[in-house]
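Single-structure report; data block below.
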Amino acid sequence: MTAVHPLPPVALTLIGIGTGNPDHLTRQAVTAMHAADLILLPHKGEDKAELAALRQSLCNAVLTAPAPLGPVVAGFDMPVRRSEGDDYLAQVDEWHAAITRCWQASIAQAVASGLSAGTDGAPLRVALLVWGDPALYDSTLRIAARMQPAPVSVEVVAGITSVQALAAAHAIALNEIGQPFVVTTGRQLRDHGWPAGVDTAVVMLDGLCSFTTLPPDGLHLWWGAYLGMPQQMLDSGPLAEAGPRIQARRAQARAQHGWIMDIYLLRRTPG
C-alpha cells in the first residue's frame, strides 16, 4: 500500500488497552481515545477477525460521539511477518518497515478523504490501541520511530499487562520475598533453557509451549489465556501434570477461536 497524500504533522498516542476487557482501560486511556482525530485498527486476516472485532468493540464501548464530532476509526491490513530462514532479527526489521508504510498510507488516505486536525495549525492526533502496555514486549514504539516525517510527539498511555492480569487471576505474587523474577519469551526459553539467577520466570509470546523443553521436576506452572475476557482460561499445577493438560487445552482453544493470547509463570519449588 502506497501513500497517496502528503502526511501532515502527526501527534501519535499509543494507548495500552490491557487484555481486551473494557474494564482494563484507565480513565487516561478513555480520555486519549476521545481526544484522537484518527484511531487506527489493524486487521490480521480472517482467521484473526475476532481480534479486530475486540478492538472495534472497545471503541464502540468507549467513544460517545461518532465522527465528525468524535474520532474517525479506520482499519488497515496488517502485514504478515516472513517466517522462513533463521535471520529472525532481519525478519522483524522487514516486518516493522512494512507496518510503518501501512500506518503512513492509512493516515494519508484519511487526510485525502477530508480528515483534518481540530484546530488550525495543530498536528493530526493519531492513536493506536496496543494490547497490554506499549513498553513490554511490544514494538509499536520502535515502529513509530520509523515514521517519516517523524511524529511531532509520541505519548504513551500505560495499560494493564498480561503479567499483572495473570498474577491477579491466580491470586499469586510475582516474586518471592526479596527475590527477583524475569520476564522472557518462549524463544529464549527454548534456545537458552532456564534463565540464570532466578527461581521465577514469566513467559510471554510462546506459541510452542516451550515449557515442554524443561525438566519438569521441581517446577510449578500457572497459566492463563484470554485473560480478562469472557473466554478466559486458567490452569495451574506441577509442570509434569499441568503441562500436557495445558498443551491440549491451548490447541483446542486456538482451533476454536483462530487465535490465542496466553502467558504463564514458572517457579522452582523447594524439595
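As a basis for the values below, the full set of heavy atoms in this structure was taken, side chains included, without hydrogen atoms, waters or symmetry mates. Since the structure is predicted, the reported quantities are computational estimates derived from the model, not experimental observations. For this chain, numbers begin at 1 and follow the sequence in order.
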Determine whether Val163 and Val157 fall in the same hydrophobic cluster, where Ile, Leu, Val, Met, Phe, Trp and Tyr are linked whenever their side-chain heavy atoms lie under 4.5 Å apart. no
Value rounded to 0.5 Å, distance of CG in Asp37 from CZ in Arg125: 4.0 Å
I'd like to know if Ile99 and Val10 are part of one continuous hydrophobic network [Ile/Leu/Val/Met/Phe/Trp/Tyr, side-chain heavy atoms within less than 4.5 Å]. yes
When you compare the side chain of Val202 with that of Val182, does any pair of heavy atoms fall below 4.5 Å? no
Please check: side-chain N/O of His34 versus main-chain N/O of Val62, any donor-acceptor pairing under 3.5 Å? yes
Do the side chains of Val130 and Val126 join up, straight or via other hydrophobic residues, at under 4.5 Å, putting them in one cluster? yes
Rounded to the nearest 0.5 Å, what separates atom CZ in Arg245 from atom CH2 in Trp223? 10.0 Å
Thr140 side chain vs Pro134 backbone, donor-acceptor pair below 3.5 Å: no
Rounded distance [0.5 Å steps], CG in Leu205 versus CG in Leu208: 11.5 Å
Under 4.5 Å between side-chain heavy atoms, hopping through other hydrophobics if needed: is there a path connecting Leu141 to Leu12? yes
Could you tell me whether the side chain of Arg55 and the main chain of Leu129 form a donor-acceptor pair under 3.5 Å? yes
Keeping the roles fixed (side chain from Glu155, backbone from Leu14), state whether a donor-acceptor pair exists under 3.5 Å. no
Taking C-beta and beyond as the side chain, do Gln164 and Leu174 meet within less than 4.5 Å on heavy atoms? no
Could you verify whether a donor N or O on one side chain and an acceptor N or O on the other, from Asp206 and Tyr264, lie under 3.5 Å apart? yes
Heavy atoms, side chains only, cut-off 4.5 Å: are Asp87 and Arg82 in contact? yes
Taking the basic N atoms (NZ, or NE/NH1/NH2) and the acidic carboxylate oxygens, is any pair closer than 4.0 Å for Asp199 and Arg267? no
Shared hydrophobic cluster for Ile143 and Leu124 (ILVMFWY, side-chain gaps under 4.5 Å): yes
Check whether any side-chain heavy atom of Ile263 sits under 4.5 Å from a side-chain heavy atom of Leu227, and report yes or no. yes
Is a side-chain donor or acceptor of Gln232 paired with a backbone partner of Gly228 at a separation under 3.5 angstrom? yes
As an exercise, state the distance from CG of Leu221 to CG of Leu266, rounded to the nearest 0.5 Å. 4.5 Å
Heavy-atom distance under 4.5 Å between the side chains of Ser162 and Met261, does that happen here? no
Just checking, any donor-acceptor pair under 3.5 angstrom between side chains of Ser236 and His220? no
Short side-chain donor-acceptor distance under 3.5 Å, Thr19 and Asn21: no
So Arg250 and Ile260, do their side chains get closer than 4.5 Å, heavy atoms only? yes
Is Leu219 close to Pro216 at the side-chain level, that is, under 4.5 Å between some pair of heavy atoms? no
Less than 4.5 Å apart, any side-chain heavy atom of Leu234 and any of His170? yes
Would you give the length of the straight line joining atom CZ of Arg101 to atom CD of Gln148, rounded to the nearest 0.5 angstrom? 13.0 Å
Test ring-ring contact (aromatic ring centres under 6.0 Å, His included) applied to Trp194 and Phe211, step by step: CA-CA 10 Å; Trp194 186 266; Phe211 51 76; over 10 Å; no
Salt-bridge test for Arg254 and Asp262: reply yes if a basic N is under 4.0 Å from a carboxylate O, no otherwise. no
CG/Asn175 to CG/Leu265 distance, rounded to the nearest 0.5 angstrom? 10.0 Å
Take a 6.0 Å sphere around CZ of Arg142 and say whether it holds more than 12 heavy atoms from other residues, nucleotides or ligands. no
Taking the six-membered ring for Trp, is the centroid-to-centroid distance between Trp131 and Tyr137 below 6.0 Å? no
If we ignore angles and hydrogens, is there a donor and acceptor under 3.5 Å between the side chains of Thr213 and Arg190? no
